[in-house]
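Below is one structure, written out as structure tokens; the observations come after it.
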Amino acid sequence: MSSIRRTIQVLDLLARKGAMTARGVSQQLTLPVGSVHRMLVDLADEQVVERNATGAWQLSYRLLEITDLQLDGVKLPRLTRPFCEAIAEQTRETVNVNVLSADGCVCIDKVRGNEGMQLDWRIGSRGPLYCGGSAKAILAFMPEAERERIIAQPRETYTLNTIVDADDLRAELARTRRRGYSIDNQEVVMGVFCVGVPIVDRTGRPVGAISISGTSPKAPGPDVQPLVDLLDEAAVSVSRRLGYTGSWPPQPLGERVALQATH
């Protein structure tokens, strides 16, 4: 049996059975325990599997990230493009679509409006999750454990408005979840403002975001709501196509009750 086939069998077993010891895997697949252990260590080096608190092996998020990128990279531009074109024409500003990629986000599509000053990310550009309209829309709606892992990472200052303090960032993300949209107040480029909303998959996990960016000021409140309505229409439609059936705006599992109590 080839090593690739053994690897697929191990991954399939962990996906079906959950966390297991190397000995348990070897018994289930009738493979030498030493070979299984070496295979699991190699997979852990590639962040495909990881040990849990008890020392057992379980699947990590690497495969989900790879699958999400493949599926979303194919679907999202096709699904979002009609909305992007309509929003850009109506607002005269730039509409961006970003996808979650590891601990950052990548711009996969954009439609420029007719505004004279066009300052936006190129398609393929990668940015962090702690600043920017699309980025914060993704980060705010991630599960708490993943969100905190991102917050614990070092942050670079792009402008005087970049939120680098961890507590300030947590507070901003909480506000984003409550109102359902993110605001970028010149955090990446001075003079450029952005509003963004998440795009989620069937589980409610953010896989991307759609945003409007331009030179017109954007702040939470009634003035920005028309833009939010346009983005929500797009994000809800696309998220439904990806299998999401929950309420909108989505909330990370375990936080819905707490957030409702703050209203």
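Note: hydrogens, waters and symmetry copies are ignored here, and every other heavy atom, side chains too, is used. Values in this document were obtained by computation on a predicted structure and should not be read as measured data.
Within the 4.5 Å cutoff, side-chain heavy atoms of Tyr181 are placed close to those of Val224. Residues Asp232 and Trp248 meet the side-chain proximity criterion, which asks for heavy atoms closer than 4.5 Å. In this structure, the side chains of Glu156 and Pro128 stay at 4.5 Å or more apart for every pair of heavy atoms. Using a 4.5 Å cut-off on side-chain heavy atoms (C-beta onward), Arg205 and Leu100 make contact. When side chains are defined from C-beta on, Thr176 does not count as touching Leu139, because their heavy atoms never get closer than 4.5 Å.
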Output, in order, the C-alpha distance, side-chain angles, deciding distance and verdict of side chain to side chain contact (heavy atoms under 4.5 Å, CB included) for Thr7 and Val48.
CA-CA 11 Å; Thr7 300; Val48 175; over 6 Å; no

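In this structure a side-chain-to-backbone donor-acceptor pair under 3.5 Å is missing from Lys218 to Asp184. Put simply, the side chain of Ser239 never gets that close to the backbone of Val236: no donor and acceptor are under 3.5 Å apart. The main-chain N or O of Glu233 is never found under 3.5 Å from a side-chain atom of Ser237 such that the two would form a donor-acceptor pair.
Rounding to the nearest 0.5 Å gives a distance of 10.5 Å between CZ of Arg202 and OG1 of Thr245. Separation of atoms NZ (Lys110) and OG (Ser213) is listed at 9.0 Å; rounding is to 0.5 Å. Note that CG of Leu59 is 9.5 Å distant from CG of Leu13, once rounded to the nearest 0.5 Å. Considering CG of Asp167 and CD1 of Ile151, their distance stands at 9.0 Å, rounded to 0.5 Å. Between Ile199 atom CD1 and Asn98 atom CG the span is 9.0 Å, to the nearest 0.5 Å. Interatomic distance, CG of Leu231 versus CD of Gln225, reported as 10.0 Å (0.5 Å rounding).
When hydrophobic clusters are built by joining Ile, Leu, Val, Met, Phe, Trp and Tyr residues whose side-chain heavy atoms come closer than 4.5 Å, directly or via intermediates, Val238 is grouped together with Val207. Residues Val25 and Val41 share a hydrophobic cluster, clusters being chains of Ile/Leu/Val/Met/Phe/Trp/Tyr side chains in contact below 4.5 Å. Phe141 and Leu76 end up in different hydrophobic clusters when Ile, Leu, Val, Met, Phe, Trp and Tyr side chains are linked at under 4.5 Å.
The two residues Thr159 and Glu187 make their nearest non-hydrogen contact at OG1-O, 3.4 Å. Residue Ile210 comes nearest to Ser134 through the heavy atom pair C-OG, 4.1 Å, listed as atom of the first residue, atom of the second, then distance. Pairing each heavy atom of Cys105 with each of Ala135, the nearest pair is SG-CB, 3.8 Å. In terms of heavy-atom proximity, Tyr244 sits nearest to Val200 at CG-CG2, 3.6 Å. Residues Arg147 and Met142 share a closest heavy-atom pair of NH1-O, 2.7 Å. Contact between Ile150 and Arg155 at its shortest, heavy atoms only, is O-NH1, 4.3 Å.
Among the candidates Ile212, Val192, Val111, the single residue satisfying the side chain to side chain contact (heavy atoms under 4.5 Å, CB included) test with Glu93 is Ile212.
Residues passing the salt bridge (charged side-chain N to carboxylate O under 4.0 Å, His left out) test with Glu85, sequence neighbours excluded: Arg81. Partners of Asp165 under the side chain to side chain donor-acceptor pair (under 3.5 Å) rule, at least two apart in sequence or in another chain, do not exist in this structure. Qualifying side-chain contact (heavy atoms from CB on, under 4.5 Å) partners for Gln186, counting only residues two or more places apart in sequence or in other chains: Asn161, Met190, Phe193. With sequence neighbours left out, the side-chain contact (heavy atoms from CB on, under 4.5 Å) criterion links Leu230 to Ile87, Gln90, Thr91.
Judged purely by distance below 3.5 Å, without hydrogens or angles, the side chains of Asp109 and Thr80 never pair a donor atom with an acceptor atom.
Ionic pairing of Glu172 and Arg175 is present here: one or more N-O contacts between side-chain nitrogen and carboxylate oxygen are shorter than 4.0 angstrom.
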Using atom types as modelled, flag every donor-acceptor pair under 3.5 Å from a side chain in residues 29-40 to any protein atom, sequence neighbours excluded.
unit_1: Ser35; atom_1: OG; unit_2: Arg38; atom_2: NH2; d: 3.4

Would you mind writing out the side-chain donor-acceptor pairs for residues 49-56 within the sub-3.5 Å range, not counting sequence neighbours?
unit_1: Glu50; atom_1: OE1; unit_2: Ser60; atom_2: OG; d: 3.4
unit_1: Glu50; atom_1: OE2; unit_2: Gln58; atom_2: NE2; d: 3.3
unit_1: Arg51; atom_1: NH1; unit_2: Gly55; atom_2: O; d: 2.7
unit_1: Asn52; atom_1: OD1; unit_2: Thr54; atom_2: N; d: 2.9
unit_1: Asn52; atom_1: OD1; unit_2: Thr54; atom_2: OG1; d: 2.7
unit_1: Asn52; atom_1: OD1; unit_2: Gly55; atom_2: N; d: 3.1
unit_1: Asn52; atom_1: OD1; unit_2: Ala56; atom_2: N; d: 3.0

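Around the CD atom of Glu148, the shell of radius 6.0 Å holds more than 12 heavy atoms that belong to other residues, nucleotides or ligands. Within a 6.0 Å radius of CD in Glu89, other residues, nucleotides and ligands contribute 12 heavy atoms or fewer.
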